[in-house]
There are 2 protein chains.
Amino acid sequence: MRYHKIPDETIRRLPIYLRGLQFLLAQPRERISSRELAEFIGTNPWQIRKDFSYFGDFGTPGVGYGIEKLITHIKRILKLDVIHKTALIGAGNLGTAVMAYQGFKVYGFDIVAAFDSSTKKIGKKINNIVIEDISNLSSLKRRKINLAVLAIPRESAQETADKLVKAGIKGILNFSPCYITVPKKIKIITIDIAMDLARMPYYMTTS
Amino acid sequence: MRYHKIPDETIRRLPIYLRGLQFLLAQPRERISSRELAEFIGTNPWQIRKDFSYFGDFGTPGVGYGIEKLITHIKRILKLDVIHKTALIGAGNLGTAVMAYQGFKVYGFDIVAAFDSSTKKIGKKINNIVIEDISNLSSLKRRKINLAVLAIPRESAQETADKLVKAGIKGILNFSPCYITVPKKIKIITIDIAMDLARMPYYMTTS
DNA sequence: GCATGTGAAAATCTTCACAGCA
DNA sequence: TGCTGTGAAGATTTTCACATGC
């Protein structure tokens with residue numbers, strides 16, 4: 001099955017496997033079976049084996065998977081084996097939380113620039129990064145930053161996204177609660193916390 | 001098709017429709033067609049009509065959908081037509097951002113309590129809510145709070161989730177980057193920002 | 001024996017095409 | 001004519017069962 005198209009759902013799950021595996025690194029063990037990994041991250045063994053099978057032989061029949069080997073493979077598939085310079089757009093509450101979050105580094109993301117439109121914030125530091133004027137976005141291309149985390153109010157989200165695209169950005173993680181149009185070549189993922197909260201009551205048992 | 005099981009994917013999209021519709025309320029128009037709504041939120045007309053068809057006749061053939069009527073219906077389906085008292089667990093950077101985020105109110109979520117383990121924070125106010133000692137979680141049942149936003153470090157996430165379940169919580173929005181086990185009756189949705197960022201490079205064109 | 005890898009079956013979800021109504 | 005509602009077709013994803021290798 002090695003030469004098939006990779007399902008999007010598989011790609012969505014790979015970071016979850018990676019997260020679990022990296023946590024397992026702390027334990028004094030080298031191997032893990034699909035059954036054990038499944039239990040650890042909350043899925044089933046078939047799913048894991050099927051997902052891995054798209055990429056080749058990761059494991060050893062009768063034995064299991066080598067944890068470090070698996071991490072290396074998944075990182076390479078996801079192109080996380082290189083450092084990705086990332087820019088933060090918007091240094092408000094959410095932007096500050098993103099800056100403080102240590103979880104990005106593990107995956108090779110390095111937030112090397114921060115922008116805001118408020119004159120009160122420009123020039124100040126956030127996590128040791130000087131906040132720049134948002135009108136200087138065009139410098140991103142020269143600085144070879146092609147990933148952006150967009151954490152600004154909805155009103156200016158589309159407009160700013162357009163500027164990011166012009167500045168050569170290839171991927172946008174959008175925290176603004178709206179749909180943003182970008183050229184097909186640009187990958188955009190929108191996270192709206194309220195959207196996830198909004199479907200909780202539907203599933204909550206009233207009893 | 002009115003008496004079929006509702007697909008999970010449909011439920012996942014309803015909040016997105018709702019978000020778009022509520023934004024359209026500001027415009028001086030009463031009706032919208034599936035084609036227009038689809039364009040506005042970035043999907044296609046068939047998907048919208050199919051999703052709505054699971055719940056009954058929302059629209060008028062030849063005319064379109066009434067925006068306000070649609071909002072009312074979707075809110076009722078998602079059980080967002082009542083106020084949901086919500087507790088914030090963890091008043092760190094992310095918790096502060098959650099508190100400041102105004103987007104919850106629109107969907108009927110009211111954050112009425114905040115907890116933290118740090119003695120430095122307990123007693124202080126965050127967005128006009130006094131931060132309580134996290135060891136007082138058991139009071140949630142009495143206060144009829146059955147929804148929690150969990151924004152604490154991974155190390156104590158499972159342990160705290162267990163306490164929340166004991167305190168009668170029915171739904172948990174988990175921001176800790178790990179899998180958490182809860183009884184089947186409890187709905188848990190995990191948001192790991194890094195997980196979404198981690199699959200961007202795979203999709204980004206290098207050219 | 002034990003755990004992986006994978007075709008095939010089953011389930012789920014999306015897209016289509018068009019009947020039916022305003 | 002224009003747009004909704006929906007059975008059916010098509011695509012995708014998950015689950016299963018078991019052949020294969022250690």
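Reminder, nothing fancy here: chain letters follow the sequence lines and each chain counts from 1.
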Closer to the 5' end of DNA chain D via nearest nucleotide, is it Gly59(B) or Arg13(A)? Gly59(B)
With Leu150(A) as reference, evaluate Leu164(A), Leu173(A), Leu88(A) under the side-chain contact (heavy atoms from CB on, under 4.5 Å) test and give the passing residue. Leu164(A)
Of Phe58(A), Tyr54(A), Tyr17(A), which meets ring-ring contact (aromatic ring centres under 6.0 Å, His included) against His73(A)? Phe58(A)
Nearest to the side chain of Val63(A), heavy atoms from C-beta on, is which of dC3(D), dT13(D), dC22(D)? dC22(D)
How close or far is atom C1' of dT12(D) from atom CZ of Arg12(A), stated in whole angstroms? 14 Å
Rounded to the nearest Å, what distance is computed from the CG atom of residue Asp51(A) to the C1' atom of nucleotide dG5(C)? 13 Å
side-chain N/O Thr60(B) vs dA22(C) OP1/OP2, d < 4.0 Å: no
Send over the distance from Ile32(A) CD1 to dT4(C) P, rounded to a whole Å. 10 Å
Check this for me, if you would: do Asp51(B) and Arg13(B) make a salt bridge, where the nitrogen-to-carboxylate-oxygen distance has to be below 4.0 angstrom? yes
Find the distance Lys50(B):NZ to dC18(C):P and express it as a whole number of Å. 15 Å
Let me know the distance between CG of Leu37(B) and C1' of dG5(D), rounded to the nearest Å. 16 Å
Roughly how many Å is it from CG in Asp57(A) to C1' in dT4(C), rounded to a whole number? 9 Å
What is the nucleic acid contact for Arg31(A), judged by heavy atoms within less than 4.0 Å: base, sugar-phosphate only, or nothing? nothing
Salt bridge check, Glu68(B) against Arg29(B): does any charged N sit closer than 4.0 Å to a carboxylate O? no
Closest to side chain of Ser33(A), choosing from dA3(C), dT4(D), dA17(D): dA3(C)
Roughly, in whole Å, what's the span from NZ in Lys5(A) to P in dT12(D)? 7 Å
Closest nucleotide among dT15(D), dT14(D), dC3(D) to the Pro61(B) side chain: dC3(D)
Under 4.0 Å between any heavy atoms, over every strand shown, what does Thr10(A) touch: base, sugar-phosphate, or nothing? Just pick one. nothing
dT14(D), OP1 or OP2 - any side-chain N/O from Asn44(A) closer than 4.0 Å? no
NA contact type, Phe52(A), heavy-atom cut-off 4.0 Å: base, sugar-phosphate, or nothing? nothing
Pick the nucleotide of DNA chain D nearest each of Gly62(A) and Gln47(A); which residue has the one closer to the 5' end? Gln47(A)
Check the phosphate of dA17(D) against Arg49(A), side-chain N and O only, distance under 4.0 Å to OP1 or OP2. Yes or no? no
Is Lys105(B) paired with Asp110(B) through a side-chain N to carboxylate O contact shorter than 4.0 Å? no
To the nearest angstrom, the CH2-P distance between Trp46(B) and dG2(D) comes to 18 Å
Classify Tyr65(A) by what it touches in the nucleic acid, base, sugar-phosphate, or nothing, heavy-atom distance under 4.0 Å. sugar-phosphate
